[in-house]
Amino acid sequence: MDIIGIGYLGFETTKVDEWRDYGPQVMGFQVGQSPASDPDSLYFRTDDRRHRFAFHPGKIDRLAYIGWEAKGKIEFEAAIARFQEHGVEITMGDAALCEQRGVKGVFRFRDPVGYQHEMFHGQKWMPRSFTPGRPHGGFVAGVRGLGHLVVITPQWPPELQDFFVKLMGFHYYGPGAGKGQTAFYRSKLNSYTSHDIAYGYGPGKMGVQHVGLFVKSLRDVGETYDIVKQRGIPMMMTLGQHSQDPHASFYHFSPGGFALETITELEPWHDDGFELNPEKLSTWGHEVVGPILGPSVRTPEELLEPELLAKYKQG
Ligand SMILES: [Fe+2]
């Protein structure tokens with residue numbers, strides 16, 4: 001499938017007011033216009049797209065949906081046909097959902113472990129319209145998408161890999177350097193970064209481990225780092241450089257209980273000619289100073305509705 005990357009992420013949150021301060025003031029996000037049909041939700045922009053993050057008021061803090069961007073209408077329709085041929089249950093979004101997401105077309109589906117995904121094409125955009133919430137050099141999003149996402153899965157069925165690689169045409173990047181069972185994938189059209197999504201196996205656990213966002217300069221990593229320290233926001237890992245990517249980054253905990261990794265590219269990412277199996281996670285830094293799984297990682301019983309729990313538990 002001709003997928004660019006993650007176009008947007010949606011969350012449910014109990015902390016809309018906290019996010020409204022934190023998003024612009026810590027991360028430099030722009031508060032976007034909430035759609036008329038969804039006035040209570042908080043929308044953030046990180047580039048010239050209408051939005052990249054949506055925070056919908058809810059009973060708990062959890063990931064609500066992962067929005068994959070098809071390259072365009074033709075590729076979007078081809079993806080629908082492919083899912084249907086392979087018996088994947090999809091739900092077409094109506095005009096109201098398209099309006100809320102700011103897209104031309106959208107459908108919804110679940111992966112083999114129960115996470116809610118969407119695929120869309122044609123998100124609203126205006127060139128040079130992004131204004132950061134605080135002085136900030138800007139995010140690298142645009143043609144490569146929002147950034148990357150790492151989620152924990154309570155099951156590790158072979159269908160999960162088949163779903164991404166064989167059905168959706170993702171590239172398997174490898175297991176990463178973590179100690180546990182992890183798999184990293186990047187979408188077919190992503191030639192900019194090593195991964196769009198990773199699943200980490202955590203029996204009895206589910207939820208977002210972290211979201212990685214690329215900023216345009218090391219200065220923006222450093223200034224975000226200072227603001228996080230000044231505000232006393234808990235960190236997961238200090239500044240460092242991963243073995244498998246030529247990037248510098250640090251991780252701190254967002255109001256949603258998951259970590260945000262603020263990343264700058266020290267060199268362009270190179271295509272991997274072999275499966276990378278690093279001796280250690282990072283070449284320098286990245287001292288682990290907080291939990292690797294934050295409070296956003298909960299049990300499937302807390303995160304999935306009962307009917308979904310019954311459907312996805314047996315795997
Ligand atoms: Fe990351």
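Given the structure is predicted, the values throughout are model-derived calculations rather than measurements. Order of appearance sets the numbers: ligands from 1, and atoms from 1 within every ligand.
Among the atoms of H148, an N, O or S atom is found under 2.8 Å from the Fe ion (ligand 1). Note on H242: not counted as a metal contact of the Fe ion (ligand 1), no N/O/S atom lying under 2.8 Å.
At the Fe ion (ligand 1), the vertex angle linking OE1 of E261 with NE2 of H210 is 100° (nearest 10 degrees).
Here R62 pairs with E305 in a salt bridge; the nearest charged N to carboxylate O distance falls below 4.0 Å.
In terms of modelled atom types and a separation under 3.5 Å, the side chain of H51 and the main chain of F53 share no donor-acceptor contact.
Between atom OG1 of residue T193 and atom CG of residue D245 there is a gap of 8.0 Å, rounded to the nearest 0.5 Å.
With Y65 as the fixed residue, the side chain to side chain donor-acceptor pair (under 3.5 Å) test singles out one of E12, H117, R101: R101.
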